[in-house]
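Notes follow the structure.
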Amino acid sequence: MGEIMSRGKIERNIAMELVRVTEAAAMSAARYLGRGDKNLVDGAAVSAMRQVLGYIRMDGIVVIGEGEKDEAPMLYIGERIGDGSDLQVDIAVDPIDGTTLVARGLPGAISVVALSAKGTMHCPRQFVYMNKIVTGPEAKDCIDINASVAENLNNIARAKKRKVSELTVVVLDRPRHEPLISDIRGAGARVKLISDGDVSASIDAALPEREVDALMGVGGTPEGVLSAAAIHCIGGGIQCKAWPRDEGERKSAIAAGVDVDKVYKTQDLIDSDDVFFAATGVSSGELLKGVRYFRGGVQTQSIAMRCRSGTIRWIDSWHNFDRLDKLSFFKLH
């Protein structure tokens, strides 16, 4: 226990071990790029991710996974993962953020894993979707999800010492966002629309010196928690509010004692500084390059983060199939 924990802190940089997990999932899924089958993409990524997670020295509980136990054959919510060592942690996985992107051969899909100390990762599962606003460290204390779009953009611009017209906001291209897009344009900011992949977009919005300055709009609740893990490592800010799909979902949550007006900030979703995050590109996008094949192997690009140190690493890796085939229990090519 001593080599893993010191004064209650996780001393091992597990982020580097998590990169091996996302690399395996990305390489497995990339075989089906553009083949038009989301199930093939997801199945390959889940299987590879589960295999490699099982070798990590930890006693992990899947907090965000591929659904409930009866809905998912593996990596389900509540599943124990790891080799059973003393280190007790919460795990959040998204084997492919953007399965549709991979199936259609489109850019921007990534494989994602986040980890934190046990009992510190919180996902408000009563809601499938949440409204979100994300920005980087300079403006993290200036955003307010209850404020107007124009007020938030003015505050972000002031914090970044820029004009609103120089800001770019990334938004999922959905009919529900037509009023939001109109408000952003009305405030004078630029809009970047994406078809899928709001985890990648959230990270991009939180990193310094990137092409986008904020993310706004409604996306998946689990993706919000995964994004919060990375944003916490970066030092950016995220705020979320429940977005009930209909009145039935709202009433059901209220009956269960849930405050539907609660604003979830970073610490409400990830209540620890012992947070680790890793992602690997599957199809090349703004954040990461995708899996690229060469004779006898592939090249991958990943990002690894550790919250306590604030270190963010970009990792370019070359993988030799002849050697990996002797080590892997799953197909990579």
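All heavy atoms count here, side chains included; hydrogens, waters and symmetry mates do not. Residues take their numbers from the sequence shown, with the count starting at 1.
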Positive for side-chain contact (heavy atoms from CB on, under 4.5 Å) with [X], one of [options]:
X: D196; options: D97, T99, T100; result: T100
X: L75; options: I91, V46, I64; result: V46
X: I194; options: L101, D204, L172, V212; result: L172

Polar side-chain atom of [X] near backbone of [Y] as donor-acceptor pair, under 3.5 Å:
X: R292; Y: G290; result: yes
X: S47; Y: G43; result: no
X: S200; Y: G197; result: no
X: N154; Y: A150; result: yes
X: E23; Y: T300; result: no
X: Q88; Y: K118; result: no
X: N131; Y: W243; result: no
X: H122; Y: D271; result: no
X: H232; Y: S272; result: yes
X: S28; Y: A24; result: yes

Query - Qualifying residues under salt bridge (charged side-chain N to carboxylate O under 4.0 Å, His left out), relative to R80, sequence neighbours excluded - result: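 Partners of R80 under the salt bridge (charged side-chain N to carboxylate O under 4.0 Å, His left out) test: D59.
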Report task. Not counting sequence neighbours, which residues clear side chain to side chain donor-acceptor pair (under 3.5 Å) with K289? List them please. Result ->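 For K289 there are no side chain to side chain donor-acceptor pair (under 3.5 Å) partners, ignoring immediate neighbours.
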Report task. Can you sort out the partners of D173 under side chain to side chain donor-acceptor pair (under 3.5 Å), two or more places apart, ordered by chain and number? Result ->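 Scan of D173 (side chain to side chain donor-acceptor pair (under 3.5 Å), adjacent residues dropped) gives none.
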Check: [Y] and [X] side chains under 4.5 Å, non-hydrogen atoms:
X: V113; Y: F276; answer: no
X: D94; Y: P222; answer: no
X: L288; Y: T280; answer: no
X: R125; Y: I77; answer: yes
X: Q299; Y: D316; answer: yes
X: V41; Y: V282; answer: no
X: M49; Y: I96; answer: no

Query raised in the report: Under the salt bridge (Lys or Arg N to Asp or Glu O under 4.0 Å) criterion, do K132 and E223 qualify, and how do the steps go?
Result: CA-CA 10 Å; K132 309 169 191 175; E223 288 82 358; 5.3 Å; no
Verify the neighbour count for atom [atom1] of [X]: are there more than 12 heavy atoms of other residues, nucleotides or ligands below 6.0 Å?
X: R210; atom1: CZ; result: yes
X: K38; atom1: NZ; result: no
X: R313; atom1: CZ; result: no

Shortest non-hydrogen separation from [X] to [Y] and the atoms involved:
X: C307; Y: D273; value: CB-O, 3.3 Å
X: S116; Y: V275; value: CB-CG2, 4.2 Å
X: T221; Y: F127; value: OG1-O, 2.8 Å
X: D42; Y: P95; value: OD1-CB, 4.4 Å

Requested in this report: Applying salt bridge (Lys or Arg N to Asp or Glu O under 4.0 Å), run through D274 and R12 and close with a yes or a no.
Outcome: CA-CA 10 Å; D274 277 323; R12 200 169 91 233; over 6 Å; no
Side chains of residues 163-171: which donor-acceptor partners sit under 3.5 Å, not counting sequence neighbours?
residue : atom : partner : partner atom : Å
E166    : OE1  : K163    : N            : 3.1
T168    : OG1  : R190    : NE           : 3.0
T168    : OG1  : R190    : NH2          : 2.9

Query raised in the report: Going by the side-chain hydrogen bond (donor to acceptor under 3.5 Å, both in side chains) test, which pairs reach into residues 134-153, not counting sequence neighbours?
Result: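 Checked against side-chain hydrogen bond (donor to acceptor under 3.5 Å, both in side chains) - neighbours excluded - the pairs reaching residues 134-153 are N146-K241.
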Query raised in the report: Does anything in residues 246-268 pair up under side-chain hydrogen bond (donor to acceptor under 3.5 Å, both in side chains), and if so which pairs, sequence neighbours excluded?
Result: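 For residues 246-268: R245-E249.
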Requested in this report: Could you walk me through whether I156 and I143 pass the side chain to side chain contact (heavy atoms under 4.5 Å, CB included) test, one step at a time?
Outcome: CA-CA 7 Å; I156 292 171; I143 56 174; 3.9 Å; yes
Query raised in the report: Parallel, tilted or perpendicular: which describes the rings of Y293 and F321, with under 30° parallel and over 60° perpendicular?
Result: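 Y293 vs F321 ring planes: tilted.
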Query raised in the report: Is R20 close enough and on-axis enough to Y55, meaning under 6.0 Å and within 45°, for cation-pi?
Result: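 Checked: cation-pi criterion not met.
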Query raised in the report: Just by distance, with hydrogens left out, do S85 and D83 show a side-chain donor and acceptor under 3.5 Å apart?
Result: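 Side-chain D/A pair, S85 to D83: present.
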